[in-house]
Each structure stands twice: as structure tokens, then as C-alpha cells.
Amino acid sequence: MTTTIILLAFLSQLLVCVAALHSIPSLRYNENTTPMRRGDTAPNGALFFDMPLDHFGGINGTFKNRYWINDTYYKRGGPVFLFDSGEQNAEPLLPYYLQEYHGLSATMRLAKRYNGLAILWEHRYYGDSLPFHVNENTTAEQWQFLTTDQALEDVVYFANRFSLDSALPGSISNATTSASDNALHPSNTPWVWLGGSYPGVRGALLRVRNPETIFAVWASSAPVQAQIDMASYYKAAERSLTRNCSADWVAVTRYVDDTLANGTADAAADLKFRLLSARQDGITREQAANASDVSAASVLMDPLNFYQYYGFEASVLPFCNVLETRNFTITPVETGLAATSGIDSALEAFLTAIKEVNYDAIPGNADDPVQDRSWMWQYCSEYGFYQRGDRSNPLSIETSFRSLERFQQQCNDAFPSGLPPAPAVENINKYGGWNMTPSNVFFTNGEFDPWRTMGLASIETNSPHRIPSVVVPRCNAAPEFPSFFGLTHANMVHVSDLRVLLTPDSNHTDFKTVGFYSPVAQEPFYAGLGLFELALDAWLPCFPQGYVSWN
């Protein structure tokens, strides 16, 4: 099971009727990291911070929130650079983002340049930062504390109480040093946030919500506009397809949807068998006939499982080449197979291409039931991002069986109590969404990142069409709308710029083994890091205490 389909693996355990529906993309980043050998990196034990369970409602209780530090380059007065791991177990990221195993990380490069302290932060309800056991028995009363605002306040609470003394071996409680005596308090030194994807969203929200705590932010691939209906997700892929592959994909999808919805029972059963046999050998006709329409039709979306991480050229083009050449037996034509040879020929070539590329055989990390269920609660309760099929879109390559109603039903089945009737996206968009204009925030995106559609660089018809600018704004000055300080990396996809690979390892050889959030190109890292350094050079001197340590 690949990391890009972790969420659906979990859903399939919950809902038999959608057992084969395994291509819902996840917002989560989760790098397929190489296990460390003893001595490859320096020891760095986890630290734990006593965190209130409820910052707002007065309910008593605490839990241990996990984090790590690297003070290799730290000098008193230097900034704090906090890298947020977001909705996953943070521990596998430690060697790559705090110890620069086989490459460089933006967090450590900035710590070195500005004499800063680096922190890797783990989100509540993930990894070992668990207020409660997370499983199918977690109650609505326990889930209620997994909200965006509770998790943001965790960072504020931590920043206001953390000191290096509290992180020393043998420390058993939070720091008690007063703010005036603590060199690392946000009033005394700048706290700079780095995060990609959902962590990028968190950074942008914190800069709007708590500018007195978080001084500057690098938000990579941050979908800051929460939206229930995210039919736009696949438009990035649709725009990148070659003309013939697009035409055939649309034609085959329409044919499958129409046959399953309106065809005879025998025709539907035969089609399900063909579809599911392309994904997995050994499927019987009885098994296929009993499969749901959505699980069968979703086979057509298997080639998109890796799109948001690797883009068209690395992940979808190999499939399109097999499709349009009928497995390299003919010369492709511009109009596609459906237009020249008929829909059945196009369908057969499509299913052959799925089997030949064999996406299911691509290795990935094992499923993590904690992060799968916790993230599902988050998007069901607040974010939405339901990536439905859009029949009204003439270029749609997503089955229309994946509807808003089906997504909501999956949420309701997984969490029978505690959810609002629909995701409360207003909890996120109250901070500005597409229209936010925070100061001291650097937004980066990949040109073909599907999550760009919900970010400030969105070009979708319902977005405000913001304009990225590489001109560094004045410190603490909000960019003039519709401009925002940011960079869109040409031909890049999701979170392409917060780490760069320099020494290949067993997980970094080609797209079939490189993991999500692993660097697929070097240019975005250096371009993003360079521009953010220019920004910090301009912003840090205006910090309230007159920050000068890095000079």
C-alpha cells in the first residue's frame, strides 16, 4: 500500500461497500524514509512537553506533546526555527529535517546562517503526542479536542514557556523561567515557522492569529482556503495531460460511468470484472459483480495516485505512453484511440496500461492507523476537501460516482457522533482563506500541485486570482491585495522545496521508490531558500528587541 493512498486503506477497513476505492489523495506529507543505521546520524532523543488538553473550555488534563531540538548552531539571541510535521508521526522526519541525512533541509540551513535553534514539532493526536488512544473506540468526547485552534494554541503555549533549560536531560516539567529572563521567549527572539501542506496552512494561520508569537513563516504548498467541494483537485492533472491521453481518459471515464449507471446488469458486471482485474489478479466474476460502482470506476484513477507528488512527467506520462501506443505496438495519434478506433479499443488499452505500470506494486510506508483516523477526523470536521467527480466539467477524468454525498457518508459512518452536519470550514476561513494578507509570510507553490487550487496561487475560476510577487515586502507590512509574497515553481508539484537530496539512497532512485515529500528537483529548494533568506535579512532587524545576533 502506497503512502498516497493511506487514507483510503483506512476507509476500506470501515466501509466494505467501498473496499476498492483507494485513490483519494491525502493532504498529508509522509516521506518514505530510509531506516537509519547506527552511527549514520547523531543521537537525538525525543523531548516531551506537558500540554493542556483544553486551552479554551476549562476542562482539566494534560498530555505529553513530543518534539526534538538541534542546537548545533545556536548562539544566544539567535532565532528559533520550528519545523512542523503536521498530521503524521514526526519521528521519521528527524534525520532528514533536523540532521540533514543525505541532503540539506531549509530548517537547518537557516539555523546555521542565523545562529538559530531548530525544533521539530509533533501535532496533537499524532505519533506519540496522544491525549487519548486513537482507534475505532475513540469517543466523540475525546475527539472534540482535535481542532485547528486547539492545535495552534499548543504552539503558542509551548513558545511562551519553552527554554533550553526545560529541554536539558533530567528535566521533568515545563520551563518556569519568566519571559524577561528567557532568551527564547517570543518577546525576546524571533520564532520562524516552516511547514509544507497542512503545516504550511498552520503557519499562515498562526501569523494571522498570533503575530506576537510567530514572527515569520515559510508556507509551502499551503491550501489555506478550506472548502467542502474540491472538485478542482484533478484540474491540475487535467491541464498537464497530452491531448490524446486527455481525450481517451475523458471518453473512457464517461463510458464507464454511463455503463455502470444505466447499462444492463450483465454489462455492468462484465465491466466491473474488466476494471478490477486490471488492478489485481485473481478477481472472480462474482467478486466483481458484488463490488460497488464507485470502487470499480475508481480503478480508472489509479494512475493519479502519485500525481501530486511527482507531476505528469514522472508519474502519469509513463501510463499515457503505454495507453496511446497500445503497449508500444502502434504509433500514437493526436486525437487518441477512442476517436480513431472506438471506445472499447480505448478502454482495453487503458486497462492494459494500468496493469503494465502496476502502481499497486510501488512500495511505500506501512499504514499508520493513528494518523489515518486522526486526519480523517480533521477533514470531516473542519476542512472538507472532498475531491468529487464533476460531470459538468468536459475535461473531467474523475468518476462521477465519487460524490459529495458519498464523502460525507464515509465521514458519518466512521464517526457516528460528534461531527457537524458538514465540515465547519468557517473555523479555518475566518483567518482569511484565499483573501488573507499576512505580513512576514512567504508562500511557495508548485505549478502543477493539485493543492495549489486551494492556495493563494490558485487559478481556479472561483478563486480571487491572487498575484505572486518575489519582491520582499517591508517588515510587518501586509502585501497590497491581490498581491502576495510568493514563488510558484515551474513544473513542480506538492512541497518541492523544503529539503534537497544530495546523496541518493535506496528510497531515492526513481519515482517508484522515492517517497512523498522527498525532493524531486534541486532548483526549488535553492530558489525558495534564497528568497526566504533575503526576506529574513530584511525582516529580522525590525524584530521588537532589535535582533542583531546573525550579523
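The structure displayed is predicted, hence computed values, not measured ones.
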Please lay out, stage by stage, how Glu87 and Gln371 fare under the test side chain to side chain contact (heavy atoms under 4.5 Å, CB included).
-> CA-CA 6 Å; Glu87 69 285 31; Gln371 67 187 24; over 6 Å; no
Between Gln308 and Tyr233, is a side-chain hydrogen bond (donor to acceptor under 3.5 Å, both in side chains) present by the stated rule, with each step listed?
-> CA-CA 9 Å; Gln308 80 174 40; Tyr233 179 91; 2.3 Å; yes
Derivation of the side-chain hydrogen bond (donor to acceptor under 3.5 Å, both in side chains) call for Thr352 and Asn327 = CA-CA 7 Å; Thr352 297; Asn327 204 13; over 6 Å; no
Determine, step by step, whether Asp248 and Leu323 satisfy the side chain to side chain contact (heavy atoms under 4.5 Å, CB included) criterion, reporting the C-alpha distance in whole Å, the side-chain angles of both residues, the deciding distance to 0.1 Å, and the verdict.
-> CA-CA 9 Å; Asp248 283 332; Leu323 164 62; 4.3 Å; yes
Under the salt bridge (Lys or Arg N to Asp or Glu O under 4.0 Å) rule, what do Asp149 and Lys430 come out as? Steps first, then yes or no, please.
-> CA-CA 11 Å; Asp149 277 330; Lys430 68 184 179 183; 2.8 Å; yes
In sequence, state the C-alpha distance, the side-chain angles, and the governing distance for Thr264 and Asp266, and then conclude on side-chain hydrogen bond (donor to acceptor under 3.5 Å, both in side chains).
-> CA-CA 5 Å; Thr264 66; Asp266 286 344; 5.6 Å; no
List the steps, then state whether side chain to side chain contact (heavy atoms under 4.5 Å, CB included) holds for Thr399 with Ser298.
-> CA-CA 7 Å; Thr399 175; Ser298 293; 4.1 Å; yes
Apply the test side chain to side chain contact (heavy atoms under 4.5 Å, CB included) to residues Tyr379 and Tyr198: give CA-CA distance (whole Å), side-chain angles for both, the deciding distance (0.1 Å), then the verdict.
-> CA-CA 11 Å; Tyr379 82 73; Tyr198 169 57; over 6 Å; no
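Panel note: side chain Ser496, backbone Met492; no donor-acceptor pair is recorded below 3.5 Å. With hydrogens and angles disregarded, no donor-acceptor distance shorter than 3.5 Å links the side chain of Asn244 to the backbone of Thr335. Judged by distance alone, with hydrogens and angles left aside, the side-chain atoms of Ser315 form no donor-acceptor pair with the main-chain N or O of Phe312 at under 3.5 Å. Under the 3.5 Å distance criterion, the side-chain polar atoms of Glu447 are left unmatched by any main-chain donor or acceptor of Ala490. Side-chain atoms of Asp449 never come within 3.5 Å of backbone atoms of Asn445 as a donor-acceptor pair (strictly under, hydrogens ignored). The backbone N or O of Ala291 lies less than 3.5 Å from a partner atom in the side chain of Lys272, making a donor-acceptor pair. Side-chain N or O atoms of Thr259 include none that pairs as donor or acceptor with a backbone N or O of Val256 at under 3.5 Å. Panel note: side chain Arg452, backbone Ser458; no donor-acceptor pair is recorded below 3.5 Å. At least one donor-acceptor pair under 3.5 Å links the side chain of Arg466 to the backbone N or O of Met436. Checked by atom type and distance alone, the side chain of Trp218 never pairs as donor or acceptor with a backbone atom of Trp193 at under 3.5 Å.
Contact between His123 and Ser85 at its shortest, heavy atoms only, is N-OG, 4.3 Å. Counting all heavy atoms, side chain and backbone alike, Ile397 lies closest to Glu238 at N-OE2, 3.3 Å. Taking every heavy atom of both residues into account, Ala231 and Asp390 meet most closely at CB-CB, 4.0 Å. Taking all atoms of both residues into account, the shortest heavy-atom contact from Phe485 to Leu531 is CZ-CG, 3.9 Å. Considering every non-hydrogen atom in both Gln227 and Val425, the closest pair reads N-CG1, 3.9 Å. Between Leu498 and Gly196, the shortest heavy-atom contact is CD1-N, 3.7 Å.
Using a 4.5 Å cut-off on side-chain heavy atoms (C-beta onward), Met230 and Arg388 make no contact. Between Pro468 and Leu487, the closest side-chain pair of non-hydrogen atoms is not below 4.5 Å. Within the 4.5 Å cutoff, side-chain heavy atoms of Thr148 are placed close to those of Leu205. Contact of the His133 side chain with the Thr138 side chain is not registered, since no non-hydrogen atoms from C-beta on lie closer than 4.5 Å. Counting only heavy atoms from C-beta outward, the side chains of Phe328 and Thr325 approach each other to under 4.5 Å. By the 4.5 Å heavy-atom criterion applied to side chains, Tyr126 and Asn89 are not counted as neighbours. Inter-residue side-chain proximity for Gln88 and Trp375 is flagged as unmet; no heavy-atom pair is nearer than 4.5 Å. In this structure, Val217 and Phe443 have side chains that are not in contact, with every pair of non-hydrogen atoms separated by 4.5 Å or more.
Note: Leu502 CG to Leu104 CG = 4.5 Å, rounded to the nearest 0.5 Å. Distance OG/Ser400 to CZ/Arg406: 10.5 Å, rounded to 0.5 Å. Separating the CG atom in Leu419 from the OG atom in Ser381 is a distance of 6.5 Å, to the nearest 0.5 Å. The CG atom of Asn427 lies 4.5 Å from the CD atom of Glu382; values are rounded to the nearest 0.5 Å. The CG atom of Leu194 sits 10.5 Å away from the CZ atom of Phe442 when rounded to the nearest 0.5 Å. Distance check, rounded to the nearest 0.5 Å: CD of Gln387 to CZ of Arg402 gives 7.0 Å.
Look at Asp368 and Arg373 and you find no salt bridge, because none of the NZ, NE, NH1 or NH2 atoms lies under 4.0 Å from a carboxylate O. Under the 4.0 Å criterion applied to side-chain N and carboxylate O atoms, Arg391 and Asp258 are assigned as salt-bridge partners.
Applying side-chain contact (heavy atoms from CB on, under 4.5 Å) to Pro482 and the options Ile467, Thr437, Asn435 leaves one that passes, Ile467. Remark: of the listed residues Tyr383, Tyr386, Phe401, Tyr386 is the sole one forming a ring pair (Phe, Tyr, Trp, His ring centres under 6.0 Å) with Phe407.
In this structure, the ring of Phe385 has its center less than 6.0 angstrom from the ring center of Trp451. Ring pair Tyr125/Trp143: centre-to-centre distance below 6.0 Å. Separation of the Tyr307 and Tyr234 ring centroids does not fall under the 6.0 Å cut-off. Proximity of the aromatic rings of Tyr96 and Tyr101 is defined here by a centroid distance below 6.0 angstrom, and this criterion is met.
Counting heavy atoms of neighbouring residues, nucleotides and ligands inside a 6.0 Å radius, atom CD of Gln287 exceeds 12 of them. Atom CD of Glu426 is surrounded by more than 12 heavy atoms from other residues, nucleotides or ligands within 6.0 Å.
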Expected list for residues 343-351: side-chain donor-acceptor pairs under 3.5 angstrom, two or more places apart:
from	atom 1	to	atom 2	distance (Å)
Asp344	OD1	Arg274	NH1	3.1
Ser345	OG	Arg326	NE	3.4
Ser345	OG	Arg326	NH2	2.6
Glu348	OE1	Arg274	NH2	2.9

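Judged by the 6.0 Å distance and 45° axis criteria, Arg285 is positioned over the aromatic ring of Phe273.
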